[in-house]
Student: 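Here's a structure for you.
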Amino acid sequence: GENVEQHPSTLSVQEGDSAVIKCTYSDSASNYFPWYKQELGKRPQLIIDIRSNVGEKKDQRIAVTLNKTAKHFSLHITETQPEDSAVYFCAARGYSSASKIIFGSGTRLSIRP
Amino acid sequence: EAGVAQSPRYKIIEKRQSVAFWCNPISGHATLYWYQQILGQGPKLLIQFQNNGVVDDSQLPKDRFSAERLKGVDSTLKIQPAKLEDSAVYLCASSPSGRADEQFFGPGTRLTVL
């Protein structure tokens, strides 16, 4: 069945440094790739997404890259700040509104002061 | 605009008991999702509704879980009887019609089965 693998499971970086989280997906029909941030005890919130007709998208300190041939996509956070500490989930889904969204297992990002 | 509402926020039950969760999506959102999030894992889709019809329930353990969305607005998710492994946060999400990829999550219900 469809699967999304996410690495690493935990990541600790120095404040101000960059953080990179990588995901691979198995369903070649996937064409929408969102990233969610979930703070402790709170709901997941969409922070950025990318569609298969785009290779890269940037929003201030956050960027996402997509390689459809290799079926992997990555989240890049630059100039990390303490408030970036959270669990980040990648996900993948197909084009149809009826297609299922599959989440990765999450990356716990900690920013060291 | 008001977000997705869920109740209760917390529930503790003993195994073999029954429990029900309620979700009120954002007004006008046609698509509604129920997810199960076990501690340390990503959300797993249990069921997806489009208006009051089921689009996908392939991962719903139908021997004990049921869900309905009467009138295409509010939804309830029921577990009967509960097992220890059902302990998780149950998240409801909704999407605007035609933009099913943009999901808005509710605060979740944390279920503990003892």
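Naming convention: chains lettered A, B, ... in sequence-line order (proteins, then strands); numbering from 1 in each chain.
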Student: With a 4.5 angstrom heavy-atom cut-off, which part of V4(B) approaches chain A: side chain, backbone, both or neither?
Tutor: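 For V4(B), backbone heavy atoms alone lie under 4.5 Å from chain A.
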
Student: Would you please go through residues 102-113 of chain A and name the residues with a non-hydrogen atom below 4.5 Å from one of chain B, in numerical order?
Tutor: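 Residues of residues 102-113 of chain A touching chain B at under 4.5 Å: F103(A), G104(A), S105(A).
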
Student: Are any of the side-chain heavy atoms of Q6(B) and R43(A) separated by less than 4.5 Å?
Tutor: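 The answer is no; the side chains never approach within 4.5 Å.
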
Student: Hey, does Q38(A) have a side-chain heavy atom less than 4.5 Å from the side chain of F105(B)?
Tutor: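 Side-chain contact under 4.5 Å: no.
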
Student: For the CG atom on L40(A), are there more than 12 heavy atoms of other groups (residues, nucleotides or ligands in this structure) within a distance under 6.0 Å?
Tutor: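 Count not over threshold, so no.
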
Student: Search all heavy atoms of L45(B) against all heavy atoms of I101(A) and return the closest pair with its distance.
Tutor: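 Residues L45(B) and I101(A), closest heavy atoms: CB-O, 4.5 Å.
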
Student: How about L46(A) and Q103(B): do any of their side-chain heavy atoms sit closer than 4.5 Å?
Tutor: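 The answer is no, as the side chains (C-beta and beyond) never meet within the 4.5 Å cut-off.
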
Student: Give, as side chain, backbone, both or neither, the part of P34(A) having an atom under 4.5 angstrom from any heavy atom of chain B.
Tutor: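 For P34(A), no heavy atom lies under 4.5 Å from chain B.
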
Student: Which heavy atom of F89(A) sits nearest a heavy atom of Q37(B), and at what distance?
Tutor: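 Taking every non-hydrogen atom into account, CZ-NE2, 3.2 Å.
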
Student: Would you find more than 12 non-hydrogen atoms of other residues, nucleotides or ligands less than 6.0 Å from Q14(A) atom CD?
Tutor: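 Counting neighbours around CD of Q14(A), more than 12 heavy atoms of other residues, nucleotides or ligands fall under 6.0 Å, so yes.
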
Student: Same cluster or not: are F33(A) and I48(A) linked, directly or through other Ile, Leu, Val, Met, Phe, Trp or Tyr residues, by side-chain heavy atoms under 4.5 angstrom apart?
Tutor: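 Same hydrophobic cluster.
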
Student: Near K71(A) NZ, under 6.0 Å, is it more than 12 heavy atoms from other residues, nucleotides or ligands?
Tutor: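 More than 12 within 6.0 Å, yes.
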
Student: Enumerate, atom names and distances included, each donor-acceptor pair closer than 3.5 Å involving a side-chain atom of residues 107-114 of chain B, sequence neighbours excluded.
Tutor:
residue	atom	partner	partner atom	Å
T109(B)	OG1	P8(B)	O	2.5

Student: Are more than 12 heavy atoms from other residues, nucleotides or ligands located less than 6.0 Å from atom NZ of K22(A)?
Tutor: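 No, NZ of K22(A) has 12 or fewer neighbouring heavy atoms, counting only those of other groups under 6.0 Å.
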
Student: More than 12 heavy atoms of other residues, nucleotides or ligands under 6.0 Å from NZ of K71(B): yes or no?
Tutor: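 Open.
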
Student: G42(B), S58(B), G40(B): which one forms the most heavy-atom pairs within less than 4.5 Å of chain A?
Tutor: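 Result: the option with the highest number of such pairs is G42(B).
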
Student: Evaluate whether atom CD of E79(A) has more than 12 neighbouring non-hydrogen atoms of other residues, nucleotides or ligands under 6.0 angstrom away.
Tutor: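 For E79(A), atom CD is not crowded (no more than 12 foreign heavy atoms under 6.0 Å).
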
Student: Look at atom CD of Q60(A) and say whether more than 12 heavy atoms of other residues, nucleotides or ligands are closer to it than 6.0 Å.
Tutor: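 It does not: Q60(A) CD has 12 such atoms or fewer within range.
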
Student: More than 12 heavy atoms of other residues, nucleotides or ligands under 6.0 Å from CD of Q80(B): yes or no?
Tutor: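 Atom CD in Q80(B) is not crowded, with 12 or fewer foreign heavy atoms closer than 6.0 Å.
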
